[in-house]
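First comes the structure, then the notes that go with it.
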Amino acid sequence: MRLPARNAEPRASLLHGCLLIALGLPAGVSAQASGQPQGDQSGQPAAAVQLPSVVASATRIPADALVVPAAIDVVEADAIHRARPAIDLSESLDRIPGVVARNRQNDAQDLQISIRGFGARATFGVRGVRLYTDGIPATMPDGQGQVSHFPIASAERIEVLRGPFSALYGNASGGVISLFTASAPAEPTLSAGLVLGGYGLQQSSLSFQTPWGDGNDGSFVGDFADVRSDGYRRHSRSHRRSGQAVLKGVAGTGTRYTVLVNGLDLEADDPQGLTAGQLRGDRRAASDGALAFDTRKTVRQGQAGARIEQALGESQTLRLTAHAGSRKTTQMLSVPVIVQRKNPMHGGGAIDLDRDYSGADLRWQWASSLLERPFSLTTGLEHQVSEERRRGFENFIGDRIGVVGKLRRDQDDRVTARDVYAQAEWAPADRWRINLGARRSQVRFNSRDHYITADNPDDSGSLEYARTSPVAGVLFRATPWLSVYANAGAGFETPTLSELAYRDDDRSGLNDGLEPARSRNIEAGVRARRDGWEWSGAVFQSRTRDELVVVANQGGRSVYGNAGVSRRRGVELAGTVEFAPQWHLSGAYTFLDAEYLTDFAACGTPPCGDDSLIIQAGRRIPGLARNTAWSELRWSPLASTDVMLEGQFTDRIAVDDANSEYAPAAARFDLAAEHRIQRDGLEWRGFARLNNVFDRDIIGSVIVNDGNGRYYEPAPGRHWQVGVSASRSF
């Protein structure tokens with residue numbers, strides 16, 4: 001194992017090749033043939049109507065969002081890129097109600113993403129939410145995902161699915177986030193950009209896009225980005241290099257295909273969280289342990305895939321998606337030396353984790369009629385495998401700390417997920433649509449322990465979880481511009497490998513006492529779009545049995561348990577309107593009431609015993625704000641100029657299950673402007689932003705149930721960003 005020294009330059013990444021074959025509905029198929037009942041402005045069905053530009057595929061059947069009986073939103077390219085550096089998802093997802101994407105100011109731990117309260121307790125990575133880029137899963141079969149490799153700069157749109165229908169994506173589906181890369185323009189185009197900002201931010205990017213193939217019916221898009229930052233806090237410097245190439249085309253038989261390759265190199269220092277006392281002293285400080293042990297992380301990831309879409313006659317379509325990749329992670333933790341010396345079964349404070357993963361999804365779609373009304377059926381098989389080589393080392397040698405020492409853990413882990421799913425859609429009348437679906441998920445964990453000593457017995461083992469998740473939805477098209485819908489379904493979320501890693505008997509090995517979290521969800525909503533304005537609203541409730549919670553957290557080891565019954569319910573509102581020429585107003589609001597309905601026991605040190613802390617029913621689920629709001633006022637005095645004022649409010653947030661402390665409520669405002677011109681054969685784009693204009697003290701995110709009380713990750717005060725890019729077509 002080798003952890004690079006601080007400020008070391010990243011090594012070149014090795015991109016792993018594989019085939020990704022995905023099938024989908026070919027372009028140009030009529031609404032009748034695709035099973036998507038459409039209507040003209042009179043509300044009557046039309047034989048062949050091109051879908052509107054706001055098309056969502058997150059329910060696995062592409063359709064206008066107005067005829068989808070689920071809470072689904074699409075963030076288009078303009079909103080993703082307008083006056084923004086387009087570095088990560090936290091810049092774009094605030095406009096979607098029910099979704100939280102917090103920039104932790106710590107690239108060693110990725111973003112903190114949750115949907116309707118699912119995923120908020122993740123201390124690193126993303127859990128509870130399924131993630132996809134161009135149809136390729138960024139979520140492992142155990143339910144944990146990463147977004148650090150998402151190519152935001154080349155995104156055409158981001159789709160977000162909330163609510164019961166996300167269960168059709170399987171394990172850890174509190175919601176679904178899918179990013180789709182833009183196709184090439186009509187002419188070959190070369191683009192370059194530079195972004196500078198406060199706290200040493202530097203982003204340079206290069207992109208080449210070109211049509212190709214007979215009749216230019218295909219496209220190639222290649223992107224590269226280099227992002228460096230000194231970080232807002234001390235010991236939070238990071239350097240990330242990422243690249244992606246996407247090739248799309250049509251074979252002579254009409255087969256559509258996509259080939260994708262991407263890679264990521266990341267090195268980041270980890271400042272860790274701050275206690276309330278430290279926060280009052282110096283908001284930009286790192287923890288003492290972070291400085292003493294030089295806590296840091298490196299990630300090398302490469303993946304590739306291909307997608308093929310083939311129509312089988314006029315009414316059937318076959319889609320096959322396959323992908324493979326690897327992710328190599330090394331990390332230095334601040335586990336105290338005395339803890340490792342006193343406990344011979346401790347896994348150490350330096351981590352070396354190599355993961356290889358692959359998967360395939362075969363899907364068949366049939367579009368026909370039932371009782372002379374449009375009907376479609378989609379069925380599929382999905383198989384995913386993740387294999388990990390996990391090793392742990394002491395983070396000291398003699399009196400030296402923050403270095404890799406003796407081996408303390410050596411195991412091979414394997415997760416296999418096998419899923420079968422089906423979804424049917426029927427339009428029994430012109431204004432009605434019914435969706436039914438179910439998914440059978442089977443997730444198996446295997447762990448083989450190779451570190452066996454007299455003091456550390458064999459911790460090998462295996463576990464298996466299985467669940468069937470049904471969903472149903474109905475939609476009524478009240479008018480051509482207004483739809484109302486309702487749906488219900490069951491959810492299924494297994495523990496991740498990290499959550500299974502420790503038991504409450506002070507040993508490593510799979511925690512076979514953990515049960516999967518099972519939820520029952522209901523939702524009702526309304527969506528409207530007409531003449532320059534669009535709005536939506538939804539009410540929902542999720543009732544979860546065996547919520548996964550931390551019951552012990554000490555010495556770098558988190559032991560998880562189940563928390564009986566919990567409930568999340570709320571209201572989501574969103575809208576956008578052009579209320580005057582050149583003026584646009586957008587906003588989103590979420591009310592989320594998330595609490596435990598039954599008591600459960602937690603303790604400070606394993607094993608849990610008589611000193612267990614009882615978390616009483618009625619406590620808030622930590623990491624969640626009861627009220628959040630976002631708004632954007634945009635003025636476009638010229639077709640080439642935009643000026644924006646953004647506001648965001650976040651209510652106070654409980655930091656632990658006992659609700660012993662809260663991160664305070666806060667509001668912030670950002671001011672931004674963008675201008676676009678054509679000169680000397682180049683298309684120029686320039687922007688400037690002033691974030692947190694009033695220099696508010698804000699907690700960007702919290703580390704739920706941190707055993708050392710280091711809950712708080714502060715966000716920057718007032719800071720600036722400027723960017724310029726140029727593109728040329730040939």
Side-chain angles (χ1 to χ4, degrees), residues 16-26 34-35 56-62 129-146 149-150 159 161 165-173 175-181 246 248 255-262 303-312 316-325 356-367 376-387 414-425 435 437-444 466-469 471 492 494:
H16 296 265
C18 81
L19 273 181
L20 157 73
I21 305 179
L23 305 177
L25 192 64
S34 67
S57 58
T59 56
R60 298 193 184 273
I61 303 177
V129 177
R130 298 292 293 187
L131 306 167
Y132 292 84
T133 58
D134 290 300
I136 305 299
T139 301
M140 296 298 103
D142 66 346
Q144 183 164 306
Q146 308 285 339
H149 67 290
F150 271 38
E159 294 185 11
L161 173 66
F165 268 91
S166 60
L168 289 174
Y169 284 79
N171 183 24
S173 52
V176 181
I177 298 175
S178 299
L179 181 145
F180 296 89
T181 303
V246 181
K248 302 177 183 179
T255 302
R256 293 184 175 272
Y257 61 87
T258 301
V259 178
L260 177 149
V261 179
N262 62 43
Q303 68 178 23
R307 183 172 66 218
I308 293 178
E309 308 174 353
Q310 180 64 57
L312 306 177
Q316 299 182 59
T317 305
L318 192 63
R319 171 183 298 179
L320 175 62
T321 304
H323 69 279
D356 294 320
Y357 56 92
S358 60
D361 185 333
L362 178 63
R363 186 181 312 167
W364 170 77
Q365 184 175 16
W366 174 56
S376 69
L377 175 66
T378 301
T379 63
L381 304 171
E382 185 172 9
H383 180 81
Q384 280 188 278
V385 177
S386 174
E387 295 181 320
R414 179 184 175 93
V415 186
T416 304
R418 299 181 178 91
D419 294 64
V420 180
Y421 59 89
Q423 183 178 356
E425 180 179 295
N435 286 61
R439 186 182 187 104
R440 176 66 177 178
S441 299
Q442 196 172 29
V443 185
R444 182 172 180 81
R467 190 76 174 175
T468 299
S469 303
V471 296
F492 172 68
T494 72

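The structure places NE2 of H149 at 9.0 Å from CD1 of I136, a figure rounded to the nearest 0.5 Å. The distance from the OG1 atom of T468 to the CD atom of Q442 is 10.0 Å, given to the nearest 0.5 Å. Once rounded to the nearest 0.5 Å, the distance linking CG of L362 with OG1 of T379 reads 8.0 Å. To the nearest 0.5 Å, atom OG1 of residue T317 and atom CH2 of residue W366 are 13.0 Å apart. Of the inter-residue distances, the one linking S469 atom OG with R439 atom CZ reads 8.5 Å to the nearest 0.5 angstrom. To the nearest 0.5 Å, atoms CH2 (W364) and OG1 (T378) are separated by 8.5 Å.
A donor-acceptor pair under 3.5 Å is formed between the side chain of N171 and the backbone N or O of P141. Checking side-chain atoms of T139 against main-chain N and O of L131 turns up a donor-acceptor pair under 3.5 Å.
The minimum heavy-atom distance between N262 and L260, with the atom names listed, is ND2-CD2, 3.6 Å. Scanning both residues, D361 and R363, for their nearest heavy atoms gives OD2-NH2, 3.5 Å. When all heavy atoms of F150 and A138 are compared, the pair lying nearest together is CE1-CB, 3.7 Å.
V415 has its side chain within reach of V443: a pair of non-hydrogen atoms, C-beta onward, lies under 4.5 Å apart. Between R130 and S166, every side-chain heavy-atom pair lies at or beyond the 4.5 Å cut-off. Taking 4.5 Å as the limit, some side-chain heavy atom of H383 sits within range of a side-chain heavy atom of T416. Y357 is not listed as a side-chain neighbour of Q384, based on a closest heavy-atom distance of 4.5 Å or more.
When the shell of 6.0 Å around CZ of R418 is examined, it contains 12 or fewer heavy atoms from other residues, nucleotides or ligands.
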